[in-house]
Protein chains: 2
Amino acid sequence: MIVDRNSPIPQYYQLQNWLIEQIDLGVFKPGERIPTEEELVRITGLCRATVRQAISNLANLAYLKPRRRFGTFVLERNPDDRKKSIIGIMVPDIRSGCSSELARGAEDEAARNKHSIVLCNTDDLFFKAEYYADRLIKEHVTGVIYVPIADTEEKNRTIIERFRQHDIPVVLADRILPDLEIDYVTTDNFYGAYAITKHLLKKGHRRIAIIYNGLVSSERFRFEGYCKALQDNRIPLDESLISNPQTLFTEQVYSKSVLKILKQRKDHLAVFAAHDQIALLFYSIAREKKLSIPEDLSLVGYDNLPQIRAFSFGLTTIHQPIYEIGRKSIHVILSRLRDKRVKPKQIVLKSWLVERHSVQDLGVLRRNRRYSQTA
Amino acid sequence: MIVDRNSPIPQYYQLQNWLIEQIDLGVFKPGERIPTEEELVRITGLCRATVRQAISNLANLAYLKPRRRFGTFVLERNPDDRKKSIIGIMVPDIRSGCSSELARGAEDEAARNKHSIVLCNTDDLFFKAEYYADRLIKEHVTGVIYVPIADTEEKNRTIIERFRQHDIPVVLADRILPDLEIDYVTTDNFYGAYAITKHLLKKGHRRIAIIYNGLVSSERFRFEGYCKALQDNRIPLDESLISNPQTLFTEQVYSKSVLKILKQRKDHLAVFAAHDQIALLFYSIAREKKLSIPEDLSLVGYDNLPQIRAFSFGLTTIHQPIYEIGRKSIHVILSRLRDKRVKPKQIVLKSWLVERHSVQDLGVLRRNRRYSQTA
DNA sequence: TAAGTACATTTGTCCAGACAAATATTTCTT
DNA sequence: AAGAAATATTTGTCTGGACAAATGTACTTA
């Protein structure tokens, strides 16, 4: 019996389900005709209006296509067509920093999995992040890669909450919100910063300045790694060597930090720029002041951006596998789509030191001096 | 009279149109209730089933939302909601060259018009371009910004043809296919190259080498501009100073070109790198060979890429308004969506010389020499 | 044989009416 | 006064029937 007249389920709805079932079972194949309305009336015992209601609903859902005089046909349906396969990616600005590398990693992996990437540039601004969240929700994206904006944790939570309300999985990339139960992919910023600070210490540096952006989690972790390395070597923190503009990265603001640090220069100073763009800015300002690196100043960065890599001035820095973060983020989203209930995947990728020529080896100098003194 | 019973137009359809009209006129406002079915029966003289058919169709089209017991309500509707609003952008690689600037310009303008951008990286490869064309067609994008791949015109036509078959408008950005009746946005490469070559000539240079990529239209035009400038100054082309690897830009291949050009160095040589990335490669190889710019060699580029701008070594180059190309491309697509039949919009933006410090003024040297000789 | 005509089939449009289900409001009961 | 029950309203489901429109097929006619 196709339709149970005593069931509380509407009869047209029962018929709909039966039709879909027959299609799924292959009884009615794509391109073929289903029974005529009159036949269905006979089969089900319903009246024609009810049969028509079922058929018209399924036509609206793109299962069936009625053709006058010929009958009603099962539509060819590409299973990919019915489900969306778009993933949003919200980065600060595709033109700068790691964003393009991240986007490329995500895009490659998405393409491999027959998904597409919608690009959003937040400029680290809350109102833009809000706008794009709404847009992505409207586009019915299947998931979102979100690089948290350089703002309060609360604002970032607001953004994430919007997606959650629509049951859209979010994975944080690069920057994270430590207190949140959420998927993320990042790198070991603490140990990276620890390693590069230790590298400076090994080279004999004792006065190590740092410029970092306190608004982003990754750089806060880097600052902590820096502190720990100094602490482990019994070097007290020197506030005058720490600059932490609580604003977005802009040349104007960060130039001031650079100048402030440069004022502290006596003997040899090492500077840890918590990301490569700060390092680059530092380099160009130092150059203007006729200071050579590494002769007059040592400088290290963080990121190993390809744009900076191409420079002939060799910056010692920490390499972050940003492309890999993009790839992995897509993985995480796709696996979350398969299984919503699994506990958050929090992936921390390894980064490593890339030694180039921007750090002076004071140990050698000192040893040489000592040697020449004793000679 | 709302419904004309003698009209060949179905009565439910007439009622639908009337309802939509009332909504558009503001008689029935979003969030408010339309007349009950019983009232509509009275007003129209139709039977309730017919009224219901009209209402259910409009409910399917997201105009109305019936609520049992309360009536039927007009939905708050963003007119943009009903239609798709995704535009594909196919660039070689978001990480390099102008792609990110182009994408950002497009994305900003798209956002302003409540559209989204799907990112595709072709790597200048035909099979990837094919793949993404199919993907974008499947996603039912409303339009495509296509940066032609560095390959034959025929292959690019194939890609464009696929979109045309699905009635998806395509706008070429940056690179163009001159013989095609199609929308495009580009810059005046010929005059840009003419201007920068003339700039070198003005500075007293007579031996001007060029390295360019013959696979992309823009650089072919630049080569032509270079030739014209030399010709206008009665300087014969010197084949040994022209390098045109017929391959994609890679460091390995282009390094050979750079070395080939460097071999031709006697007296002072000027080099026109047809895009900034070649200039950067040239610079780093020259630096390895302990050659200074502009003292030993003059160098000019093309693009004025932000990544290069940030360098402290100041490259004289041609600024291209790439961001603007992205913005304008979106404009063109949106206007084409409004009116399919209008003739192709072919927009050529102005670019201009940005003079920095990578060109030696030989005129000054010569004048000085002459002066010292006469003295 | 070719063109036109009638026919049969199937979906499309429309009507008149009945009862069900949801739910705010009113009335009744305790 | 609080809770329960009845009521009224509106959409939801369903019946049974009629004619219209589209269109392939079979038949008729010149």
Side-chain angles (χ1 to χ4, degrees), chain A residues 1-20 22-23 28-75, chain B residues 1-20 22-23 28-75:
Chain A
M1 196 169 50
I2 296 168
V3 173
D4 175 4
R5 304 182 83 105
N6 298 319
S7 162
I9 298 162
Q11 296 167 41
Y12 76 93
Y13 198 78
Q14 294 182 46
L15 176 54
Q16 259 177 253
N17 285 338
W18 180 78
L19 287 167
I20 290 175
Q22 301 305 302
I23 292 169
F28 306 147
K29 295 193 189 73
E32 285 182 9
R33 228 187 60 169
I34 65 166
T36 65
E37 294 176 359
E38 212 48 61
E39 283 171 315
L40 287 173
V41 166
R42 267 209 315 282
I43 296 170
T44 58
L46 301 172
C47 75
R48 190 168 153 235
T50 306
V51 169
R52 277 184 69 70
Q53 191 173 1
I55 290 174
S56 107
N57 285 344
L58 291 183
N60 274 325
L61 292 172
Y63 277 95
L64 300 177
K65 176 76 191 168
R67 290 179 57 202
R68 195 172 255 182
R69 171 64 179 77
F70 297 108
T72 299
F73 294 80
V74 179
L75 282 181
Chain B
M1 194 169 51
I2 295 167
V3 172
D4 175 6
R5 303 183 84 105
N6 298 317
S7 161
I9 298 163
Q11 298 168 39
Y12 77 93
Y13 198 77
Q14 293 182 46
L15 176 55
Q16 258 178 252
N17 285 337
W18 181 79
L19 286 166
I20 290 175
Q22 302 304 302
I23 292 170
F28 306 148
K29 296 196 188 71
E32 286 182 8
R33 226 186 63 167
I34 65 167
T36 65
E37 294 177 359
E38 212 49 60
E39 282 171 313
L40 287 173
V41 166
R42 267 207 316 284
I43 297 169
T44 58
L46 300 172
C47 75
R48 190 168 154 236
T50 307
V51 169
R52 277 185 68 71
Q53 191 174 1
I55 289 175
S56 106
N57 286 344
L58 291 183
N60 274 325
L61 292 171
Y63 277 94
L64 300 176
K65 175 75 191 169
R67 289 181 56 203
R68 193 172 257 183
R69 171 66 180 79
F70 296 108
T72 300
F73 294 81
V74 178
L75 282 181

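We name chains A, B, ... by the order of the sequence lines, and we start the count at 1 in each one. Please read these numbers as outputs of a predicted model, since none were measured by experiment.
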Asker: Determine, for nucleotides 6-13 of chain D in 5'-to-3' order, which nucleotides have protein heavy atoms under 4.0 Å from the base (write B), from only the sugar-phosphate (write S), or from neither (write -).
Answerer: --BBBBBB
Asker: Please say whether the positively charged group of B:Arg67, taken as NZ for Lys or CZ for Arg, lies over the ring of B:Phe73, i.e. under 6.0 angstrom from the six-membered ring centre and within 45 degrees of the axis.
Answerer: yes
Asker: With sequence neighbours excluded, tell me which residues meet salt bridge (Lys or Arg N to Asp or Glu O under 4.0 Å) with B:Arg69.
Answerer: none
Asker: Need one value for B:Ile55: base, sugar-phosphate or nothing, where a base atom within 4.0 Å counts as base even if backbone is also close, heavy atoms only.
Answerer: nothing
Asker: Atom CG of B:Asn57 and atom C1' of C:dG12: how far apart are they, to the nearest Å?
Answerer: 12 Å
Asker: Taking the side chain as every heavy atom from C-beta outward, state whether B:Leu19 and B:Tyr63 have any atom pair closer than 4.5 Å.
Answerer: no
Asker: Of all residues at least two apart in sequence or in a different chain, which pass the salt bridge (Lys or Arg N to Asp or Glu O under 4.0 Å) check with B:Arg48?
Answerer: B:Glu37
Asker: Are the side chains of B:Thr50 and B:Leu15 in contact, using a 4.5 Å heavy-atom criterion?
Answerer: no
Asker: Tell me: CZ of A:Phe73 to C1' of D:dA22, nearest whole Å?
Answerer: 14 Å
Asker: What are the two closest heavy atoms between A:Val41 and A:Cys47, and how far apart are they?
Answerer: CG2-C, 4.0 Å
Asker: CG of B:Leu15 versus P of C:dT13: gap in Å, rounded?
Answerer: 14 Å
